[in-house]
Amino acid sequence: MKNSHKEATAWFDGLYKANRESKEKIPWARHEVNPLLKGYLENKKPKGDESKRALVIGCGLGDDAKALEDAGYQVVAIDVAQSALDLAQEKFPDSTIRFEKQDIFEMPKEYCEYFDFVFEAFTIQSLPVEFRERMVEAIVNTVAPKGELLVVAHKREKHFDGPPWPLEEIEMAMFQEHGLETLFYEIYQEESAISKNFFNVLYHKPESSCKQLTQ
Ligand SMILES: C[S@@+](CC[C@H](N)C(=O)[O-])C[C@H]1O[C@@H](n2cnc3c(N)ncnc32)[C@H](O)[C@@H]1O
C-alpha cells in the first residue's frame with residue numbers, strides 16, 4: 001500500500017518521459033478526443049459571447065483539452081506529470097490552453113468552484129482505492145455552482161490488481177454524497193483489456209459546496 005498520493009503518482013512522469021519518442025506505447029493515450037467528451041460537446045457547445053471555463057484533470061497528451069478549446073471554452077489542463085504537459089504543449093503549440101502542473105489534491109485556492117465544466121477521464125482509477133474519496137472531493141471542489149462534471153472511468157467487473165483500479169457503482173455515488181446531482185448516466189461499452197464497460201456520467205452542481213481539503 002502506498003502511503004502518500006505523491007508516491008502513488010510519481011511513476012507517471014517517468015512513463016511519459018520513457019515514451020517521448022514512442023507515444024503509441026502510452027497505454028491510455030488515444031491520440032484523439034475521448035468519444036464521450038466528443039458526444040457531450042456535440043450537444044453542449046457554449047454559444048457565441050459566453051466565455052465558459054473548462055478544466056481537464058490528468059490531461060495527458062492534451063487531446064481532450066484541445067477539443068474543449070475548439071468548442072469555445074477557456075481551458076486549463078492539469079497534470080501531475082510535467083513530461084505529459086511538455087508533450088501536450090508540443091502537440092498543440094498554438095493553442096491558448098493553459099497546461100499547468102497541478103496535483104488535483106493540492107489545487108490553488110483560486111480554482112475552488114472556478115470551472116463551468118470539468119472533464120475527468122481515467123485519473124481517479126489510476127490511483128489506489130484508498131485515495132478515492134479524497135479524489136472525488138477534490139474534483140467536486142473545482143466545479144462552479146451550476147457547473148457540470150463529466151466522469152469517464154472503467155467499471156470494475158472482477159478483481160483487478162492495479163494500476164488501474166476500475167470503479168464500482170458505489171464509488172460513483174460518492175459524487176452525489178459530495179453534493180452533485182446526476183444529469184445523465186450510461187454504461188458505455190468498448191473493448192478494453194481493463195473492462196469493456198465504462199461509466200459515462202454527467203453531474204451538475206446545484207449550489208456551492210467548496211471546502212478546504214484536509215490532508
Ligand atoms: C490514466 S492517465 C489518463 C490520461 C487522460 N485523462 C486520458 O484519458 O488519456 C491518468 C493521468 O492523470 C495524471 N494524474 C495522476 N494523478 C494525478 C493527480 N493527483 N493530479 C493531476 N494529475 C494526475 C497522470 O499523470 C496521467 O496523465
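Only heavy atoms go into these numbers, but all of them, side chains included; no hydrogens, no water, no symmetry mates. As the structure is a prediction and not an experimental result, all values here were calculated from the model. Here, residue 1 is the first one in the sequence, and each next residue gets the next number. Note that ligands are numbered from 1 as they come in the structure, with each ligand's atoms numbered from 1 the same way.
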To check your reading of the model: name the closest protein heavy atom to [atom], its residue, and the distance in Å.
atom                    : value
atom 25 (O) of ligand 1 : Asp79 OD1, 2.5 Å
atom 9 (O) of ligand 1  : Trp28 CD1, 3.5 Å
atom 5 (C) of ligand 1  : Gly58 O, 3.2 Å
atom 20 (N) of ligand 1 : Ile104 N, 3.0 Å
atom 26 (C) of ligand 1 : Tyr16 OH, 3.4 Å
atom 19 (N) of ligand 1 : Asp103 OD1, 3.0 Å
atom 16 (N) of ligand 1 : Thr9 CG2, 3.2 Å
atom 15 (C) of ligand 1 : Phe12 CE1, 3.6 Å

At under 4.0 Å between heavy atoms, which part of Val152 makes contact with ligand 1: side chain, backbone, both or neither?
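Under 4.0 Å from ligand 1, Val152 contributes no heavy atoms.
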Regarding ligand 1, does Phe122 bring an N or O atom to under 3.5 Å of one of the ligand's N or O atoms?
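The answer is no, given that Phe122 and ligand 1 share no N or O pair closer than 3.5 Å.
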Below 3.5 angstrom, do we get any N/O pair linking Val80 and ligand 1?
yes
Applying the side chain to side chain donor-acceptor pair (under 3.5 Å) test to Asp63, which of His31, Lys91, Arg30 qualifies?
Lys91
Residues Glu137 and Asn141: side-chain donor-acceptor under 3.5 angstrom:
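Result is no, nothing qualifies.
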Only one of Thr142, Val118, Asp116 forms a side chain to side chain contact (heavy atoms under 4.5 Å, CB included) with Arg53, so which one is it?
Asp116
Exactly one candidate in Val56, Val80, Ile57 meets side chain to side chain contact (heavy atoms under 4.5 Å, CB included) with Thr123; the answer is Ile57
Tell me whether ligand 1 is touched by Gln102 - counting only heavy atoms on the residue side and a distance under 4.0 Å.
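It does, in that a heavy atom of Gln102 comes within the 4.0 Å cut-off of ligand 1.
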Quick one: does Asp63 get within less than 4.0 Å of ligand 1, heavy atoms only?
no
Using a 4.0 Å cut-off to any heavy atom of Leu127, which atoms of ligand 1 qualify?
16 (N)
Close-contact set for ligand 1 against Phe105 heavy atoms, below 4.0 Å
19 (N)
Does this structure show an ion pair linking Glu106 with Lys6, if we count only N-O contacts that are shorter than 4.0 Å?
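A salt bridge links Glu106 with Lys6.
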Taking the inter-plane angle between the rings of Tyr73 and Phe117 on a 0 to 90° scale, is it parallel (under 30°), tilted (30 to 60°) or perpendicular (over 60°)?
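Taking Phe117 first and then Tyr73, their aromatic rings sit tilted (interplane angle of 30° to 60°).
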Classify the ring geometry of Phe198 against Phe122: parallel below 30°, tilted from 30° to 60°, perpendicular beyond 60°.
perpendicular
Considering Gly60, Ala88, Ala121, which one's heavy-atom position lies nearest to atom 7 (C) of ligand 1?
Ala121
Taking the side chain as everything from C-beta on, heavy atoms only, tell me whether Arg20 gets closer than 4.5 Å to Leu87.
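Yes, side chains in contact.
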Step through it carefully: locate the ring centre of Phe12, locate the ring centre of Trp28, and say whether they are under 6.0 Å apart.
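Judged by ring-centre distance (under 6.0 Å), Phe12 and Trp28 do meet the cut-off.
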Any sub-3.5 Å donor-acceptor pair from Asp79's side-chain atoms to Cys59's backbone N or O?
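Yes; judged by distance alone, with no hydrogens or angles, the pair exists.
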